[in-house]
Amino acid sequence: MSEDFYETWVLYIIVGIVAIIIAFLMIRPILFYDHYAYIVNSEKVDIRRGIFTITTAMVPIERIHQIEIKKGPINNLFGLSDVYVITAGGAASIQYLKQDVAEEIADELNNVVNKIIRSRDNQ
């Protein structure tokens, strides 16, 4: 077999790998969106994400110390924000929310945390 034959197959393999990577990068946001969920209720913030390995973060409301809304330059470009829920043990984030939804979630969490603090102070 000639050297051109091997060069051609190597080129096909490289093009195939690049095509698979590009296809994955195009499909990844759709898969991420399908496998990303969050629930905010009066007891906890539950965040699930992942494509191949699913990660679940559950933050009890009474453990929350701080709530932040972050907007990076790319998020600003698309009108998105992230809500960070910070506890003594770490932080969890609810990502890629519309700005008004992020502010609403942050306000709701802040109100619930303030109610818990007031109820503890009254006891």
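Here the structure is a predicted model, which means the values were calculated and not measured.
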> If every non-hydrogen atom of Ala88 is compared with every non-hydrogen atom of His65, which pair is closest and at what distance?
Replying inline: N-CD2, 3.1 Å
>> So which atom in Phe32 and which in Gln95 form the shortest heavy-atom distance, rounded to 0.1 Å?
In response: CZ-OE1, 4.2 Å
> Is there a path of hydrophobic side-chain contacts, each under 4.5 Å between heavy atoms of I, L, V, M, F, W or Y residues, that connects Val101 with Phe78?
Replying inline: yes
>> Are the side chains of Val59 and Thr87 in contact, using a 4.5 Å heavy-atom criterion?
In response: yes
> At their closest point, which heavy atom of Ile51 faces which heavy atom of Ile54, and how far apart are they?
Replying inline: O-CD1, 4.5 Å
> Going through the distances and angles, do Glu108 and Val40 end up as a side-chain contact (heavy atoms from CB on, under 4.5 Å)?
Replying inline: CA-CA 9 Å; Glu108 179 183 331; Val40 178; 3.9 Å; yes
>> A side-chain contact here means heavy atoms from C-beta on lying under 4.5 Å apart; do Ile105 and Tyr38 qualify?
In response: yes
> With Lys70, which residues qualify under salt bridge (Lys or Arg N to Asp or Glu O under 4.0 Å), at least two apart?
Replying inline: Glu68
> Only one of Ile17, Ile13, Leu11 clears side-chain contact (heavy atoms from CB on, under 4.5 Å) with Val15; which?
Replying inline: Leu11
> Do Tyr84 and Ile94 have side-chain heavy atoms sitting under 4.5 Å apart?
Replying inline: no
> Listed by chain and number, what are the side chain to side chain contact (heavy atoms under 4.5 Å, CB included) partners of Phe24, not counting sequence neighbours?
Replying inline: Arg28, Phe52
> Atom CZ of Arg49 and atom NE2 of His35: how far apart are they, to the nearest 0.5 Å?
Replying inline: 14.0 Å
>> So which atom in Gln99 and which in Asn76 form the shortest heavy-atom distance, rounded to 0.1 Å?
In response: NE2-OD1, 3.4 Å
> Under the 3.5 angstrom rule, does the side chain of Asp82 hit a backbone N or O of Tyr96 as a donor-acceptor pair?
Replying inline: yes
> Who pairs with Asp46 by side-chain hydrogen bond (donor to acceptor under 3.5 Å, both in side chains), at least two apart in sequence or on another chain?
Replying inline: Arg48
> Going from CD on Glu104 to CG on Leu97, what distance comes out if it is rounded to the nearest 0.5 angstrom?
Replying inline: 10.5 Å
> According to a 4.5 Å side-chain heavy-atom criterion applied to Ile, Leu, Val, Met, Phe, Trp and Tyr, with indirect links allowed, do Ile20 and Val18 form part of one hydrophobic cluster?
Replying inline: no
> Does the side chain of Glu62 reach to within under 4.5 Å of the side chain of Glu43, using non-hydrogen atoms?
Replying inline: no
> Rounded to the nearest 0.5 Å, what separation is found between the CG atom of Asn110 and the NZ atom of Lys115?
Replying inline: 11.5 Å
>> Any heavy-atom pair between the side chains of Ile67 and Ile86 that's under 4.5 Å?
In response: no
> Is Met26 reachable from Ile74 through a run of hydrophobic residues whose side-chain heavy atoms are each under 4.5 Å from the next?
Replying inline: no
> Any link between Ile61 and Ile117 through a network of hydrophobic side chains (Ile, Leu, Val, Met, Phe, Trp, Tyr) touching at under 4.5 Å?
Replying inline: yes
> Considering all heavy atoms of both residues, which atom of Ile47 and which atom of Ala92 are nearest to each other, and what is their separation?
Replying inline: CD1-CB, 3.8 Å
> If you measure from CD1 on Ile116 to OG on Ser42, what distance do you get to the nearest 0.5 Å?
Replying inline: 8.0 Å
> So, for Ala106 and Ile69, which heavy atoms are closest and what is the spacing to 0.1 Å?
Replying inline: CB-CD1, 3.7 Å
